[in-house]
Amino acid sequence: MNASESVLEPASASLPDSVTVRVPAKVNVQLAVGGRRADGFHALATVFFAVGLWDTVTARPGRGVTLTVSGRDADVVPTDDSNLAARAALALAAHHGVEANVALHIDKDIPVAGGMAGGSADAAAALLACDVLWGLGTDRETLFGLAADLGSDVPFSMHGGVALGEGRGERLTPVPVGGTFHWVFAVADGGLSTPAVYGECDRLREEAGGPGGADESRVPQPSADAALLDALASGDAAALGAALGNDLQPAALSLRPALARTLRAGTEAGAIGALVSGSGPTCAFLAKDAGAAAAVAAALVKSGTCREVRLTEGPVPGATLA
Ligand code: C5P
């Protein structure tokens with residue numbers, strides 16, 4: 001081809017027919033919740049950890065933004081503009097002043113409303129997939145900014161690995177990790193609403209500390225746990241298990257008392273750490289190796305205290321073109 005031919009080529013000639021992005025779930029190995037801020041969010045020091053349960057988002061040319069969903073619990077995932085993936089496509093298009101034309105398809109494997117950032121994962125994947133489909137070449141900083149506007153967990157879904165999240169969770173610093181960790185997740189029947197769990201956390205704090213007891217002025221500023229960061233850096237599963245912590249756990253247990261039995265069943269089966277994942281209701285168990293994880297999973301199935309049990313490892317990378 002000579003130069004004049006290439007000039008006549010339509011701009012879209014090199015754009016793909018379809019873009020697929022794989023994106024992982026997360027568990028917060030630390031979730032330290034500070035006081036309620038004036039904007040209603042809570043100051044966090046949280047250590048996000050990406051685990052190998054994946055949603056897959058495919059973007060194809062379309063008219064307007066349309067969304068279809070397949071896979072686990074597809075029937076309870078909204079397919080209108082309330083879905084964070086659709087909002088991600090609209091936000092990216094608006095940022096660039098282009099028309100939002102895309103047919104998105106989500107194949108779900110991350111538990112829905114389970115405290116594992118499934119909706120945030122889909123938003124991160126949709127941002128990346130639309131960016132490539134539309135040939136926008138958005139720089140990383142802008143993509144992360146758009147991600148943060150969509151939700152507190154969306155930047156981490158792009159980032160993956162392990163990272164400390166500050167602010168409302170959107171300000172990330174990578175955390176070094178010295179090994180692979182083995183996880184078991186007990187998926188509960190039905191989800192929990194994240195705002196409801198934060199609200200219950202505030203209510204419990206006010207119950208204990210009186211009026212204003214949940215406010216920023218009264219709750220200490222949260223900070224990362226040095227023992228937990230050391231355990232991650234050295235790949236020490238036992239030390240990580242001992243350091244796991246989630247300030248939202250009392251609130252999740254208050255709203256869903258049956259989770260206490262799930263946590264007990266996994267601990268009695270040999271888990272070296274157990275906690276509610278994010279705002280729940282999924283419970284996360286750390287095992288010392290793959291064999292121990294299989295034993296914990298089998299015991300959880302037998303206990304009848306959860307709907308489904310998932311085994312996986314981490315950390316894994318964030319949203320990635322497939
Ligand atoms: O940021 P995102 O939209 O995921 O947050 C959902 C809800 O969770 C917020 O509306 C708020 O009620 C609660 N939240 C919070 N503090 C945070 C993150 C989330 O109170 N740091």
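All values below were derived from every heavy atom in this structure, side-chain atoms included, with hydrogens, water molecules and symmetry-related copies excluded. One-based numbering, in listed order, for ligands and for the atoms of each.
Here is the list of ligand 1 atoms found below 4.0 Å of a heavy atom in Arg168: 1 (O), 17 (C), 18 (C), 21 (N). Of all the atoms in ligand 1, the ones that sit under 4.0 Å from a non-hydrogen atom of Ser152 are 1 (O), 2 (P), 4 (O), 18 (C). Less than 4.0 angstrom separates some heavy atom of Gly151 from each of these atoms of ligand 1: 1 (O). The distance from ligand 1 to the heavy atoms of Thr194 drops below 4.0 Å at these ligand atoms: 8 (O).
Classification of Glu206 and Arg36 as a salt-bridged pair holds, one side-chain N sitting under 4.0 Å from a carboxylate O. Asp122 has a carboxylate O that lies under 4.0 Å from a charged side-chain N of Lys108, or vice versa, which qualifies the two as a salt bridge.
Residues His96 and Thr138 form a side-chain contact, since some pair of their non-hydrogen atoms from C-beta on lies under 4.5 Å apart. Counting only heavy atoms from C-beta outward, the side chains of Leu44 and Glu166 never approach each other to under 4.5 Å.
Using a distance-only test at 3.5 Å, with no hydrogens or angles considered, no donor-acceptor pair links the side chain of Thr46 to the main chain of Gly169.
For the residue pair Ser254 / Glu200, a side-chain donor-acceptor distance below 3.5 Å is found, with atom types taken as modelled. Counted by atom type alone, Arg261 and Thr305 present zero donor-acceptor pairs between their side chains at under 3.5 Å.
Among protein heavy atoms, the minimum distance from atom 7 (C) of ligand 1 is reached at Pro195 CG, 3.9 Å. Closest to atom 16 (N) of ligand 1, if we only count protein heavy atoms, is His42 N, 2.9 Å. Ranking protein heavy atoms by distance to atom 9 (C) of ligand 1, first place goes to Phe41 CE2, 3.8 Å.
Ligand 1 has Gly40 within reach: a non-hydrogen atom of the residue lies less than 4.0 Å from it.
Under 4.0 angstrom from ligand 1, the non-hydrogen atoms of Tyr198 all belong to its side chain.
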